[in-house]
Amino acid sequence: EVQLQAFGGGLVQTGGSLRLSCAASGFTFDDYIIGWFRQAPGKEREWVACISSSDGEALYADSVKGRFTISSDYGANTVYLQLNSLKPEDTAVYYCAAGLRGFGSYYYIDSGAYDYWGQGTQVTVSS
């Protein structure tokens with residue numbers, strides 16, 4: 001059974017940090033691109049970052065570039081998203097997802113590229 005479990009969210013003040021984790025099981029980890037998305041209340045789901053676990057190639061949305069870092073632990077089948085310098089506008093439910101590799105990097109900006117989704121973890125940044 002394919003599972004993606006996202007956890008690590010919480011309540012932090014502006015400027016604070018969090019580390020989100022996405023634990024994957026039930027599929028061959030390095031066959032997939034792992035992405036993070038977020039959805040704020042009343043807004044559409046937004047792509048945040050993605051990474052190829054096999055070679056570490058990462059891509060970031062402009063809104064988080066320089067503040068968030070995505071990384072993967074191949075041995076643990078886990079992808080991390082380090083959130084630094086958090087802002088109130090980063091408040092959202094964060095989801096991780098897995099999409100079969102084999103396409104160009106920017107293909108994975110679209111949520112339609114992903115086959116499996118985790119349950120989401122809430123990040124709240126207070127002002």
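Just so you know, these numbers come straight off a predicted model, no measurement behind them.
- The hydrophobic clustering, which links ILVMFWY residues whose side-chain heavy atoms are closer than 4.5 Å, places L81 and L11 apart.
- Remark: the backbone N or O of F103 is paired with a side-chain donor or acceptor of Y108 at under 3.5 angstrom.
- Checked against V125 for a side chain to side chain contact (heavy atoms under 4.5 Å, CB included), the options L18, L83, T14 give a single hit: T14.
- Side-chain contact between V64 and K87: absent, with no pair of heavy atoms (C-beta onward) separated by less than 4.5 Å.
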Take S71 and Q82 through the side chain to side chain donor-acceptor pair (under 3.5 Å) test and state the conclusion after the steps. CA-CA 8 Å; S71 61; Q82 178 68 41; over 6 Å; no

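- Summarising the geometry of R101 relative to S52, their closest heavy-atom pair is NH1-OG, 2.8 Å, with the distance given to 0.1 Å.
- The hydrophobic clustering, which links ILVMFWY residues whose side-chain heavy atoms are closer than 4.5 Å, places L20 and F68 together.
- A donor and an acceptor atom, one from each side chain of T91 and E89, are nowhere located under 3.5 Å apart.
- What you find for T121 and G9 is that their closest heavy atoms are OG1-N, 3.0 Å.
- The shortest heavy-atom contact between V79 and I51 is CG1-CG2, 3.9 Å.
- Here the side chains of D73 and Y80 are in contact, with some heavy-atom distance below 4.5 Å.
- Contact annotation: the side chain of Y60 approaches that of T69 to within less than 4.5 Å [non-hydrogen atoms, C-beta and beyond].
- I34 and V93 are not part of a single hydrophobic cluster, where members link through side-chain heavy atoms under 4.5 Å apart.
- Heavy-atom minimum distance, A40 versus A92: N-CB, 3.8 Å.
- Checking side-chain atoms of D115 against main-chain N and O of L100 turns up a donor-acceptor pair under 3.5 Å.
- Without hydrogens or angle criteria, R67 side chain to S85 main chain gives a donor-acceptor distance under 3.5 Å.
- The structure places OH of Y116 at 14.0 Å from SG of C96, a figure rounded to the nearest 0.5 Å.
- If you check the side chains of N84 and S17, you find a donor sitting under 3.5 Å from an acceptor.
- For the pair R45 and W117, the cation sits on the ring face: its NZ or CZ lies under 6.0 Å from the ring centre, inside 45° of the axis.
- Between I33 and Y114, the closest heavy-atom pair is O-CE2, 3.9 Å.
- Taken together through direct or relayed side-chain contacts under 4.5 Å among Ile, Leu, Val, Met, Phe, Trp and Tyr, Y95 and L4 form parts of separate hydrophobic clusters.
- Residues S25 and E1 fail the side-chain proximity criterion, which asks for heavy atoms closer than 4.5 Å.
- Ring geometry for F27 versus F29: interplanar angle of 30 to 60°, hence tilted.
- Y94 has its ring centre no less than 6.0 Å from the ring centre of F37.
- Residues D90 and R38 meet the side-chain proximity criterion, which asks for heavy atoms closer than 4.5 Å.
- At a threshold of 4.5 Å between non-hydrogen side-chain atoms, the residues W36 and C22 count as touching.
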